[in-house]
Amino acid sequence: QVHLVESGGGLVQPGGSLSLSCAASGRTFSSYAMAWFRQAPGKEREWVSVITWSGLNTYYRDSAKGRFTISRDNSNNMLYLQMNNLKPEDTAVYYCAAKYYSGDGYYDDDFEYAYWGQGTQVTVSP
């Protein structure tokens, strides 16, 4: 089982940057694929990025490519999302999620992920 806690959200102007962190409990963090999802008001939750258990493979939704970078530190049970050139449409609650999976593919449906953090608010506004 994995317990997840996000941090790092906040208010930023368009074009600015934020770095999100997700601290995971448990001794088998490296056995989990990790993902960031987000949910804007009135919209469905959507995937943002996925990283495989090893950190060697990363995947991004089209709107995040070139702006966001996902990474992980398995020795410290940490997941990160560096977000640059933020846009108002990036405003949402961001969640980290874990799926017990040690393959190299990725899953972008939220029902695939068994463990979720409580979310952190990201607001991009002038």
### Query
Taking atom CH2 of Trp47 as the centre, does the number of heavy atoms from other residues, nucleotides or ligands within less than 6.0 Å exceed 12?
yes
### Task
Please check if atom CD in Glu44 has more than 12 non-hydrogen atoms from other residues, nucleotides or ligands closer than 6.0 Å.
no
Taking all heavy atoms of [X] and all of [Y], pick out the closest pair and write down the distance.
{"X": "Pro14", "Y": "Pro126", "value": "CD-N, 3.6 Å"}
{"X": "Leu86", "Y": "Arg67", "value": "CA-NH1, 3.8 Å"}
{"X": "Ala24", "Y": "Leu4", "value": "CB-CD2, 3.6 Å"}
{"X": "Tyr113", "Y": "Trp116", "value": "O-NE1, 2.9 Å"}

How long is the span from the [atom1] atom in [X] to the [atom2] atom in [Y], to the nearest 0.5 Å?
{"X": "Met78", "Y": "Ser71", "atom1": "CE", "atom2": "OG", "value": "9.5 Å"}
{"X": "Gln118", "Y": "Thr120", "atom1": "CD", "atom2": "OG1", "value": "7.0 Å"}
{"X": "Asn57", "Y": "Thr52", "atom1": "CG", "atom2": "OG1", "value": "4.0 Å"}
{"X": "Arg72", "Y": "Ser30", "atom1": "CZ", "atom2": "OG", "value": "7.0 Å"}
{"X": "Glu6", "Y": "Leu81", "atom1": "CD", "atom2": "CG", "value": "11.0 Å"}
{"X": "Cys22", "Y": "Ile70", "atom1": "SG", "atom2": "CD1", "value": "9.5 Å"}

### Task
Can you sort out the partners of Ser19 under side chain to side chain contact (heavy atoms under 4.5 Å, CB included), two or more places apart, ordered by chain and number?
Gln82
Just to verify, what does [X] make a side chain to side chain donor-acceptor pair (under 3.5 Å) with, not counting sequence neighbours?
{"X": "Ser125", "answer": "none"}
{"X": "Ser17", "answer": "Asn84"}
{"X": "Lys43", "answer": "none"}

Identify whether [X] and [Y] are in the same connected component of the hydrophobic contact network (ILVMFWY, side-chain heavy atoms under 4.5 Å).
{"X": "Val50", "Y": "Met83", "value": "no"}
{"X": "Tyr115", "Y": "Leu79", "value": "yes"}
{"X": "Ile51", "Y": "Tyr107", "value": "no"}
{"X": "Phe29", "Y": "Trp36", "value": "yes"}
{"X": "Met34", "Y": "Leu20", "value": "yes"}

Side-chain donor-acceptor pairs of residues 92-105 under 3.5 Å, sequence neighbours excluded:
from   : atom 1 : to     : atom 2 : distance (Å)
Tyr94  : OH     : Arg38  : NH1    : 3.0
Tyr94  : OH     : Asp90  : O      : 2.6
Lys99  : NZ     : Glu112 : OE1    : 3.2
Tyr101 : OH     : Gly105 : N      : 3.3

### Query
Which ring-ring contact (aromatic ring centres under 6.0 Å, His included) pairs, counting each pair once, include a residue from residues 57-91, with sequence neighbours left out?
Tyr59-Tyr106
### Task
Kindly say whether Ser75 contributes a backbone atom to a donor-acceptor pair with the side chain of Asp73 at under 3.5 angstrom?
yes
